[in-house]
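Naming convention: chains lettered A, B, ... in sequence-line order (proteins, then strands); numbering from 1 in each chain. Basis for what follows: all heavy atoms, side chains included, without hydrogens, waters or symmetry-related copies.
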Amino acid sequence: MSLKGKFFAFLPNPNTSSNKFFKSILEKKGATIVSSIQNCLQSSRKEVVILIEDSFVDSDMHLTQKDIFQREAGLNDVDEFLGKIEQSGIQCAKTSCITKWVQNDKFAFQKDDLIKFQPSIIVISDNADDGQSSTDKESEISTDVESERNDDSNNKDMIQASKPLKRLLQGDKGRASLVTDKTKYKNNELIIGALKRLTKKYEIEGEKFRARSYRLAKQSMENCDFNVRSGEEAHTKLRNIGPSIAKKIQVILDTGVLPGLNDSVGLEDKLKYFKNCYGIGSEIAKRWNLLNFESFCVAAKKDPEEFVSDWTILFGWSYYDDWLCKMSRNECFTHLKKVQKALRGIDPECQVELQGSYNRGYSKCGDIDLLFFKPFCNDTTELAKIMETLCIKLYKDGYIHCFLQLTPNLEKLFLKRIVERFRTAKIVGYGERKRWYSSEIIKKFFMGVKLSPRELEELKEMKNDEGTLLIEEEEEEETKLKPIDQYMSLNAKDGNYCRRLDFFCCKWDELGAGRIHYTGSKEYNRWIRILAAQKGFKLTQHGLFRNNILLESFNERRIFELLNLKYAEPEHRNIEWEKKTA
DNA sequence: AGGCAGTACTG
DNA sequence: CAGTAC
DNA sequence: GCCT
C-alpha cells in the first residue's frame with residue numbers, strides 16, 4: 001500500500017503520543033501530514049483526509065464532546081468549522097481506521113468509516129446534553145469512567161490503542177466540566193485570589209508545608225460548586241480548609257480584603273527579587289532582606305562570602321532577566337536539534353530527548369530539559385563522560401555560555417569566565433579558593449546557552465506552531481534586574497536570550513522511571529508519589545519499589561499499571577494534581 | 001505527633 | 001547538616 | 001496549615 005500524494009490531518013490534537021506514532025506510520029507509506037487544517041480549508045484542497053481521535057466519535061459516527069474537541073483543537077467555533085469541512089467535501093474518519101488500512105494493506109473507506117455531519121436527531125440530543133452536562137457530569141467524576149462505556153462491542157476489533165485514549169479523554173471531560181462555569185461564584189473568586197497570594201507568599205518565604213496547605217485550600221475552593229457564604233461553611237463542607245484558613249475566609253467575606261496580605265506585599269517583592277536569581281533560595285533571600293540589602297550590588301559588597309562559596313549566584317545575577325524569560329516550543333526544539341547534532345559526532349548510539357514542560361505540551365518553556373541514555377547501557381559513568389565531552393564541544397562552539405557546575409576538565413575551560421565575573425562584581429575574596437569543581441564526574445549538567453545569530457534567524461523563519469499544543473499558562477508579570485545591578489548583566493539586548501539547559505543522564509534500565517520524573521510536572525510527581533506511598537510503594541526517578549525491592553523501572557506504562565493507574569499522556573500531567581481522584 | 005515526594009549536589 | 005535545585 |  002502506498003499513500004503517496006495522500007494528505008492527512010489529525011484532530012483535535014495532532015501531537016498526542018499515539019498520533020505521533022500514527023503520523024510516522026502514514027509517513028512511512030509515503031503520505032503527507034498536514035499540520036494546519038485551516039490552510040487546507042482556504043485552499044479548498046480535497047484530497048486531504050481528516051483523522052479524528054476515536055474518543056470523539058460516537059457509535060453512530062457523529063462527533064461528540066464538541067466542547068472539548070473545540071478546546072483541544074484550538075478552534076473558536078467547532079460548528080462553523082465542521083460546516084466548512086462539510087462544504088468542502090473533505091472526508092473525516094476515526095484515527096483507528098489507520099489500523100484497518102495497515103492490516104488489510106489497503107487504503108479504502110468502508111460503509112461506516114466516514115464521520116457523518118447531518119445528524120438530524122443526534123444534534124438535538126447532543127446539544128441538550130451539552131447544555132446540562134456540566135451539572136450531570138460532575139456527579140459522575142468519582143464513578144468508574146469505564147463502566148459507562150457501552151459501545152465497546154461495536155469496535156472491539158479496533159486496535160487497543162484507542163482504548164486508553166478513550167479513557168483519558170473521558171477523564172478530561174469530567175475535569176473540563178468542573179472547571180467551566182465556576183466563575184459565577186463571586187465570593188469564591190475573591191477567596192481563591194487571596195489564597196493564591198498567600199500560597200505564593202509562603203512559598204517565597206520557604207514555608208514549604210504551610211504553602212502546600214494554602215495551595216490545597218485554593219484547589220478545594222476552585223473545585224467547589226456553590227457560592228461560599230462563610231468561613232464556617234467552607235470549613236465544614238470542603239476539604240483542606242481548617243480553622244485558620246476558615247477564619248481568614250470569614251475576614252475576606254466581611255471586609256472584602258485580607259488585612260496583612262497587602263501589608264506584606266512589599267516584603268514579598270523584596271524576597272522575590274533575590275529568589276528569582278539562580279542559586280538563591282528563601283534562606284539567603286530572607287537573610288539579605290534582614291540585612292536590609294535591596295540589590296545584588298549591595299549584597300556583593302557586604303556579603304561577598306556568599307558569592308565566593310557559591311559562584312553560580314554570579315551567573316544567576318548576570319542572566320537574571322534572560323532566565324526568567326520563557327521561550328517558544330520551536331526554540332526548545334531548535335536547541336534539541338543542536339545538541340543532537342553534536343552528540344552524533346561523539347557517540348551516535350547515545351540518544352537525547354526533551355522532557356519537562358515541552359513534553360507536557362506547553363506553548364512556552366522556561367528551560368530545556370534533556371534526558372540522555374544509550375540503548376542497553378547502564379553505566380552512568382560512561383554516559384557522564386559522553387555528556388562531558390559533548391559539553392566541551394558545545395562550549396568551544398560558543399553555544400554554551402556558562403556552566404553551573406564543574407568537573408576538572410570543564411574548570412580548565414571555564415575558570416577564566418568565573419574570574420572575570422568576580423572582577424566585574426568587584427569581589428576580591430575568591431582567590432583563596434583552589435578548586436571550583438565538585439567531582440571528577442558529574443551526571444547532571446546545568447548551563448546557560450545561546451543560539452548563534454544564524455540559528456536565531458532560521459528560528460524566526462520556522463513556521464509557527466510546528467508542534468504547538470493548547471496548554472497556555474497565565475503570564476506572571478516579570479521582575480526585572482534593577483538598574484543599580486545592571487553592571488553585571490549579560491542579558492540579551494538583541495533578542496538573543498540566554499537559556500537554561502539541563503542535561504540528565506539515565507540508565508537504560510531506568511528509562512521509564514526517569515521519563516516520568518523528568519517530564520513532571522512537579523505537582524504531578526508529588527501526587528503520583530503520594531499515591532504510590534499510600535499503596536505501599538515508593539516511586540523515584542530510579543524506579544518503582546516495594547520494601548526497597550525494585551519492581552519496575554524500564555517500562556513507563558507498567559509503572560502506571562502496577563500503581564493501578566491508567567496511563568497518562570505527558571499532556572495530561574499538567575494541572576495542579578494534588579488530592580484529585582482517590 | 002508526625003507526615004507533607006524523593007533524590008542529588010555543594011560547602 | 002543546611003541550602004538549593006531538579 | 002491541614003490531615004491522620
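Of the candidates B:dA5, C:dC6, B:dC9, B:dA5 carries the atom nearest the A:Ile530 side chain, counting heavy atoms from C-beta on. With distances taken from any side-chain atom of A:Gln405 to the nucleotides B:dC4, B:dC9, C:dT4, the minimum falls on B:dC9. Listed nucleotides D:dG1, B:dA8, D:dC3 differ in distance to A:Asn240; the shortest reach to its side chain belongs to D:dC3.
When atom types are taken as modelled, the side chain of A:His401 and the backbone of A:Val449 share no donor-acceptor pair closer than 3.5 angstrom.
Contact annotation for A:Lys208: no contact, since no heavy-atom pair falls under 4.0 Å across all strands. Using a 4.0 Å heavy-atom cutoff across all strands shown, A:Leu404 reaches no nucleic acid atom at all. Residue A:Ser282 is in sugar-phosphate contact alone, with no base atom involved, counting any heavy-atom pair closer than 4.0 Å across all strands shown. Residue contacts shown for A:Cys505 are absent, as no nucleic acid heavy atom lies under 4.0 Å away. As judged by a 4.0 angstrom heavy-atom cut-off over every strand, A:Phe446 is placed among residues touching the sugar-phosphate backbone only.
Shown for residues 538-546 of chain A: residues whose heavy atoms fall under 4.0 angstrom of DNA chain B, namely A:Lys538, A:Leu539, A:Thr540, A:Gln541, A:His542. Contacts with DNA chain D (heavy atom under 4.0 Å) in residues 284-302 of chain A: none are found.
The side chain of A:Ser244 contributes an N or O atom lying less than 4.0 Å from OP1 or OP2 of D:dG1. OP1 or OP2 of D:dT4 lies within a sub-4.0 Å distance of a side-chain N or O belonging to A:Arg239. A:Arg529 has no side-chain polar atom (N or O) that falls below the 4.0 Å cut-off from OP1 or OP2 of B:dC4. The side chain of A:Arg215 contributes no N or O atom lying less than 4.0 Å from OP1 or OP2 of D:dC2.
Judged by a 6.0 Å distance limit and a 45° cone about the ring axis, A:Lys444 is not positioned over the six-membered ring of A:Phe503. Taking the ring axis of A:Phe560 as reference, the NZ or CZ atom of A:Arg515 does not stay both within 45° of it and closer than 6.0 Å to the ring centre. Cation-pi geometry between A:Lys482 and A:Tyr273 is met: the NZ or CZ atom falls under 6.0 Å from the ring centre, inside 45° of the normal.
Here A:Leu550 pairs with A:Phe545, A:Ser553 under the side chain to side chain contact (heavy atoms under 4.5 Å, CB included) rule; sequence neighbours left out. Listed by chain and residue number, A:His335 satisfy the side-chain hydrogen bond (donor to acceptor under 3.5 Å, both in side chains) test with A:Tyr399 (two or more places apart in sequence, or in another chain). The side-chain hydrogen bond (donor to acceptor under 3.5 Å, both in side chains) search around A:Gln541 returns none, not counting sequence neighbours. Contacts of A:Ala492 classified as side chain to side chain contact (heavy atoms under 4.5 Å, CB included), with partners at least two apart in sequence or in another chain: A:Asp322, A:Asp494, A:Tyr497. Scanning for salt bridge (Lys or Arg N to Asp or Glu O under 4.0 Å) contacts around A:Glu283 gives A:Lys286, with sequence neighbours left out. A:Glu510 pairs by the salt bridge (Lys or Arg N to Asp or Glu O under 4.0 Å) definition with nothing, not counting sequence neighbours. Take A:Arg529 and apply the salt bridge (Lys or Arg N to Asp or Glu O under 4.0 Å) test, not counting sequence neighbours, and it matches no residue.
Residue A:Tyr278 contributes atom OH, which lies 17 Å from atom P of C:dG3 at whole-angstrom precision. As a whole-Å value, the separation of A:Arg526 CZ from C:dC6 P is 14 Å. Distance A:Lys522 NZ to C:dA5 P: 11 Å, rounded to the nearest Å. The CG-C1' distance, from A:Asp502 to B:dA8, rounds to 13 Å in whole Å. Put simply, CG on A:Asp310 is 13 Å from C1' on C:dA2, counting in whole angstrom units. In this structure, A:Ile442 places its CD1 atom 9 Å from C1' of B:dC9, rounding to the nearest Å. The nearest whole Å value for the distance from the OH atom in A:Tyr430 to the P atom in B:dG11 is 17 Å. Taking atom CH2 on A:Trp317 and atom C1' on C:dT4, their separation rounds to 19 Å, with Å as the unit.
With the nearest nucleotide of DNA chain B identified for both A:Tyr437 and A:Asn525, A:Asn525 has the one nearer the 5' end. Residue order along DNA chain B, read from the 5' end via each residue's closest nucleotide, puts A:Ala533 first among A:Ala533 and A:Arg435.
Across the P atoms, B:dA5 and D:dT4 are found 14 Å apart, a figure rounded to whole Å. Straight-line distance between the P atoms of C:dC1 and B:dG3: roughly 15 Å, to the nearest whole Å.
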inquiry  = Expected output check: what is the dot-bracket annotation of DNA chain B, where ( ) and [ ] are pairs inside the strand (brackets for crossing ones), | is paired with another strand, and pairs are Watson-Crick or G-U under 3.5 Å?
reply    = ||||.||||||

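Sorted by first and then second residue, the side-chain hydrogen bond (donor to acceptor under 3.5 Å, both in side chains) pairs with a member in residues 412-422 of chain A read A:Ser318-A:Arg421, A:Tyr395-A:Arg417, A:Asn409-A:Lys412, A:Glu420-A:Thr424; sequence neighbours excluded.
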Kindly list each side-chain donor-acceptor pair under 3.5 angstrom involving residues 373-380 of chain A, sequence neighbours excluded, with atom names and distances?
unit_1   : atom_1 : unit_2   : atom_2 : d
A:Lys374 : NZ     : A:Asp347 : OD2    : 2.7
A:Lys374 : NZ     : A:Glu382 : OE2    : 2.8
A:Asn378 : OD1    : A:Trp508 : N      : 3.2
A:Asn378 : OD1    : A:Asp509 : N      : 2.9
A:Asn378 : ND2    : A:Asp509 : OD2    : 2.8
A:Asp379 : OD1    : A:Thr381 : N      : 2.9
A:Asp379 : OD1    : A:Glu382 : N      : 3.2

